[in-house]
> 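Handing you a structure now.
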Amino acid sequence: MAKFIFVTGGVTSSLGKGIIAASLAKLLQARGLRCTIQKFDPYINVDPGTLNPYEHGECFVTEDGAETDLDLGHYERFLNIFTTQANNVTTGRIYQTVINKEREGAYLGKTVQVIPHITDEIKRRMLLLGKDDKYDVVLTEIGGTVGDIESLPFIEAVRQLQWELPEEDCLVVHLTLIPYLKAAKELKTKPTQHSVKLMSENGVHPDILVCRTEEPLNHEIKRKIAQFCNVKVEAVIEAADASTIYEVPLAMMREQLDVICMKKMNIPPTKEPDLSKWKQFLDKLKYPKSKVTIGLIGKYIELQDAYKSILESFIHAGAINECKVQVVNVHSEFISDENVAEKLDGLDGLLVAPGFGHRGIEGKIVAVKFARENNLPFFGICLGMQMAVIEYGRNMLGLENAHSTEMDSHTQHPVINLMEEQKKIKAMGGTMRLGAYPCTIKKGTLAYEIYGTTQISERHRHRYEFNNDYLQQYEEAGVVFSGLNADTRLVEIMEIPGHPFFIGVQYHPELKSTVENPAPLFVHFINAAKRHNDRRSTIKNPLLQSEMI
Ligand code: GLN
C-alpha cells in the first residue's frame, strides 16, 4: 500500500500549496519513488468546468476528459505524468455520489450524515489512487484554508486517516505564512501558531510546517515556531519567495523537505534526487540569449490564471529556445480596424486564445487578419483557430458575415458549426468534446515539420467545429487542413502555406506541455517569432541589411 501525504494551507489563500505539493512530489520522484498528486476542492460545483475563468482561473483538462482545477496542470508540468478524473475531487462530487447511493437504497434505511457517510466517501477517494501498487506516495492537496467551514469534512477525513493508517504511512504538511512587519522589522509567528491551533482543535496535528516568507527565517524563529506549534525544529521549512515557480523544488531540496518527509514515513534513504534535466531547464530559463514579444489576444487577460497553461507553455518553449518570451496581453474587446496596427506594434508573434461567447470576438478576427497580411507569426488555439477560419472566409473567400453559430446562430455562412453529437445536448457540465483524441497529420505540411510524425494525440475542450461543407472552397482558396481526426473527419489543424508561420489548432496543445517535454507547437512558434524578430531588426537597421547582402 502507498504512503499518503496531505498538504493543507493556513492563514491565507494563494500561498502556493499546489506548487509546494508539486515540488515535494518532484523531489520524491527524482529519488526514484513513484508519486502522484490529487486535489480535493471544497466547493459544491461537481467540477470546475462550468466556472467562469474569473472565478478560479483556467479549467485544466486531463487525457481522460476530466475538467479539473488548474493545480493539476502544475502537477503534470512538474512531474511529467498524466493525471485523471480521480486526481480532482470536489465537495459537489462527493455529495453527488453519496446522494446517488442514498437514492439507490444503499444505506439500508440509515440516516445519511456528514459523519460518517460524507467523510467515508472522502476517505475512500483519498485512498483510491494508493491501491493497486501503482504509487509509492500519493500526495493530496486540500483546497481552501484551514478554518473555512466548507473544508471541515476534508480535515475530519484527514484526522480519521491519521488515526487509521499506520503512523509512518500518513503525513501532514501544513503550508503557512510568516508575515514580515516592516514597521517593527520583525517576522511574526502568531498567525502560524493560530492556524496550527485551529488544526489541532480539529484533531489534526501537522508533522511539517512549510513557511512562506519574504525574509529568511533564522534559527531562533524556526525554534520559536517549532516550540509553539509542537513540531521538531528541522520540520520547520523555509519557503522564501522565488523568482519563478520552477525554482521551488530546488529551494525545497536545500531545506531538505524530502529528507524529513522520508524520515517521518520510514522510507529508507535513497540516492540523491536527480534534477539534472530540471537544472538545465532553469539555467536556460534564467540566462536567455535572445528575446521575443508575443501578443496574447484574449478576453480574460486581466486575470493571469485564466491562461495559466499557455503562459507556462511559453516558459517551457522559451527555455528550450534559450529565448526570453515576453507576453503582452492585448484585450480583444479593444482592437479595431483603426487601431490594430498600433496595438500589435512591436510584436514578434500573435497567439489568439481559447474562449467562449461573443465578447471580444470581432477584435480577435481583426487581429488574425493583421497577422495574416503582415507575415506576423500566428498561432490560434481552439477559438483562436475558429477565428482564423472566419477571418479567411470573410476576407479571402468573400463569404460575407461568415461566422460561428456560437456567436450568430442565423449566419448565412456557418463556417464554424455545432458538432453533430452536440446538437441534442442541453446540460452544460462535462458535455463538451473533452480529453485526448487522435489526429492524423498530412506529410509535407508545417504541422508535420513541427511534430515530425503523422499520428498525434492532443486534448480538446469545445462544442463547435470547422464546417466540412466549406472544406473544398477553403482548400481551393489556399488553406491547408493539415490535421484531421481519422474517424470523424473533424478538422484539427489548419494552416496557410507561404506565410512564415500561420497555424490554428482545434485542440489545446498547452495542456500537454511540461518542463521535460515542451509542446512542439509552442517551441516552433517561438522559433518563428525569433526569426520574425531578426527580420524586424534587419529592416530597422539597414546597415545590417547591407551586410547581409
Ligand atoms: N467556444 C468554442 C467552442 O466551444 C471554443 C472553445 C475553446 O476555445 N476552448 O467550440
Side-chain angles (χ1 to χ4, degrees), residues 47-63 65-68 70 73 296-301 303 305-311 313 332-333 350-365 367-368 378-391 393 402-409 411 414-437 439 458-468 470 483 485 488 490-494 503-513 519 521:
D47 61 42
T50 53
L51 288 174
N52 182 322
Y54 286 123
E55 293 281 316
H56 267 269
E58 158 191 284
C59 171
F60 186 80
V61 180
T62 55
E63 285 288 291
E67 295 179 288
T68 71
L70 59 77
L296 172 66
I297 315 281
K299 67 169 178 177
Y300 304 114
I301 51 161
L303 187 82
D305 276 359
Y307 301 113
K308 195 84 209 158
S309 294
I310 290 178
L311 297 177
S313 302
S332 50
E333 252 186 309
L350 188 75
L351 186 141
V352 177
F356 295 84
H358 190 265
R359 189 162 68 95
I361 284 298
E362 292 303 322
K364 286 186 175 175
I365 297 171
V368 178
F378 167 81
F379 182 12
I381 299 183
C382 206
L383 185 71
M385 179 201 97
Q386 298 177 355
M387 292 306 106
V389 166
I390 293 169
E391 189 279 318
H403 224 315
S404 161
T405 51
E406 179 181 4
M407 327 303 166
D408 178 2
S409 51
T411 172
V415 290
I416 304 291
N417 208 355
L418 200 57
M419 278 179 282
E420 211 40 55
E421 74 257 29
Q422 287 287 330
K423 289 190 175 149
K424 36 193 185 300
I425 295 173
K426 293 276 173 292
M428 295 301 275
T431 55
M432 282 186 246
R433 180 176 183 238
L434 289 165
Y437 284 91
C439 163
E458 293 277 10
R459 298 184 197 169
H460 296 71
R461 184 173 189 246
H462 64 120
R463 289 184 208 283
Y464 295 81
E465 57 160 326
F466 176 75
N467 182 348
N468 277 338
Y470 290 90
N485 180 292
T488 56
L490 287 186
V491 165
E492 298 282 4
I493 314 176
M494 65 90 81
I503 195 159
V505 293
Q506 186 57 76
Y507 51 81
H508 292 263
E510 73 277 20
L511 298 175
K512 272 175 71 174
S513 187
L521 270 161

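Both ligands and their constituent atoms are indexed starting at 1 by order of listing. Worth saying up front: this structure is predicted, and the values here are computed from it rather than measured.
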> Applying the side-chain hydrogen bond (donor to acceptor under 3.5 Å, both in side chains) criterion to Thr431, which one of Gln422, Lys426, Arg463 satisfies it?
Arg463
> Output the set of protein residues with a heavy-atom contact under 4.0 Å to ligand 1, ordered first by chain identifier and then by residue number.
Pro354, Gly355, Phe356, Cys382, Leu383, Gln386, Glu406, Arg461, His462, Arg463, Tyr464, His508
> Quick check against the 3.5 Å criterion: does Glu406 have a side-chain atom that pairs as donor or acceptor with the backbone of Tyr464?
no
> How would you list, by chain and number, every residue that makes a side chain to side chain donor-acceptor pair (under 3.5 Å) with Lys423, sequence neighbours excluded?
Glu420
> Could you tell me how the ring of Tyr507 sits relative to the ring of His460: parallel (under 30°), tilted (30 to 60°) or perpendicular (over 60°)?
perpendicular
> Tell me every residue that passes side-chain contact (heavy atoms from CB on, under 4.5 Å) with Glu362, counting only those two or more places apart in sequence or in another chain.
Ile365, Arg394, His403
> Could you list the residues that satisfy side-chain contact (heavy atoms from CB on, under 4.5 Å) with Pro48, not counting sequence neighbours?
Tyr43, Leu51, Asn88
